[in-house]
Amino acid sequence: QVQLMESGGGLVQAGGSLTLSCAASGTTVNPYLMGWYRQAPGKQRELVATVTSGGTTNIADSVEGRLTVSRDNSKKTLSLQMYNLKPEDTAVYYCRARWSQWRADSDWGQGTQVTVSS
């Protein structure tokens with residue numbers, strides 16, 4: 001059974017840094033796309049950053065310049081390092097693995113809470 005194991009969430013002060021990690025297990029298939037999304041209470045889930053297996057990166061404007069994202073295709077892992085965190089970054093962060101370029105079928109992690117205090 002496919003699982004996306006997330007780690008690294010927690011409490012950090014504004015201006016601080018945090019690294020989130022995601023590892024896909026239970027499959028030998030390298031995801032077409034892996035990404036981090038976040039959802040704040042009462043808000044829609046939104047993209048933070050994604051990386052395709054070919055290395056194409058998509059980063060949300062709201063975090064551009066404050067984020068480094070990388071993935072290891074062989075290990076099926078995804079890392080998100082966030083810098084200069086702001087209170088508006090507070091959300092549950094979810095890892096996503098999309099398996100096909102042509103279909104949006106995806107697996108999601110259970111989410112990890114990131115809280116940025118003022």
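The residues of the chain are indexed from 1 along the displayed sequence.
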Value rounded to 0.5 Å, distance of CD1 in Ile59 from OG1 in Thr50: 8.5 Å
Donor-acceptor under 3.5 Å (Arg98 side chain, Arg103 main chain): yes
Gln13, CD atom: more than 12 neighbouring heavy atoms under 6.0 Å: no
Closest contact, heavy atoms only, Trp99 versus Thr27: CH2-CG2, 3.6 Å
side-chain hydrogen bond (donor to acceptor under 3.5 Å, both in side chains), paired with Arg71, selected from Thr52, Thr57, Thr77, Asn30: Asn30
Single-linkage hydrophobic cluster, 4.5 Å side-chain cutoff, Trp36 and Val12 together: yes
hydrophobic_cluster_shared for Leu4 and Val69, side chain cutoff 4.5 Å: no
Side-chain donor or acceptor of Asp107 paired with backbone N/O of Ala97 under 3.5 Å: no
Distance-minimising heavy-atom pair for Val114 and Gly9: CG2-CA, 4.2 Å
Arg66 vs Met82, side chain to side chain contact (heavy atoms under 4.5 Å, CB included): CA-CA, chis, key distance, verdict: CA-CA 6 Å; Arg66 302 188 294 117; Met82 297 181 287; over 6 Å; no
Path from Leu85 to Tyr94 over hydrophobic side-chain contacts below 4.5 Å: no
Trace of the side chain to side chain contact (heavy atoms under 4.5 Å, CB included) decision for Gln81 with Thr19: CA-CA 4 Å; Gln81 185 163 188; Thr19 299; 3.4 Å; yes
Gln113, CD: over 12 other non-hydrogen atoms inside 6.0 angstrom: yes
Euclidean distance, Leu80 CG relative to Met34 CE, rounded to 0.5 Å: 11.5 Å
Approximate separation, where rounding is to 0.5 Å, of Gln44 CD and Gln39 CD: 8.5 Å
Closest non-hydrogen atom pair between Ala49 and Leu67, with its separation: CB-CD2, 4.0 Å
Gap separating the OG1 atom of Thr56 from the OH atom of Tyr32, nearest 0.5 angstrom: 7.0 Å
Spacing of NZ belonging to Lys76 relative to OG1 belonging to Thr28, to within rounding of 0.5 Å: 6.5 Å
Connected via hydrophobic side-chain network under 4.5 Å: Val51 and Tyr93: yes
Full working for side chain to side chain contact (heavy atoms under 4.5 Å, CB included) between Cys95 and Trp108: CA-CA 6 Å; Cys95 181; Trp108 293 83; over 6 Å; no
Donor-acceptor contact below 3.5 Å, side chain Glu6 vs main chain Gly111: yes
Steps toward side chain to side chain contact (heavy atoms under 4.5 Å, CB included) verdict (Val116, Glu88): CA-CA 8 Å; Val116 183; Glu88 51 262 44; over 6 Å; no
Any donor-acceptor pair under 3.5 Å from Lys43 side chain to Ala91 backbone: no
Option from Leu18, Leu20, Val92 for which side-chain contact (heavy atoms from CB on, under 4.5 Å) with Thr112 holds: Leu20
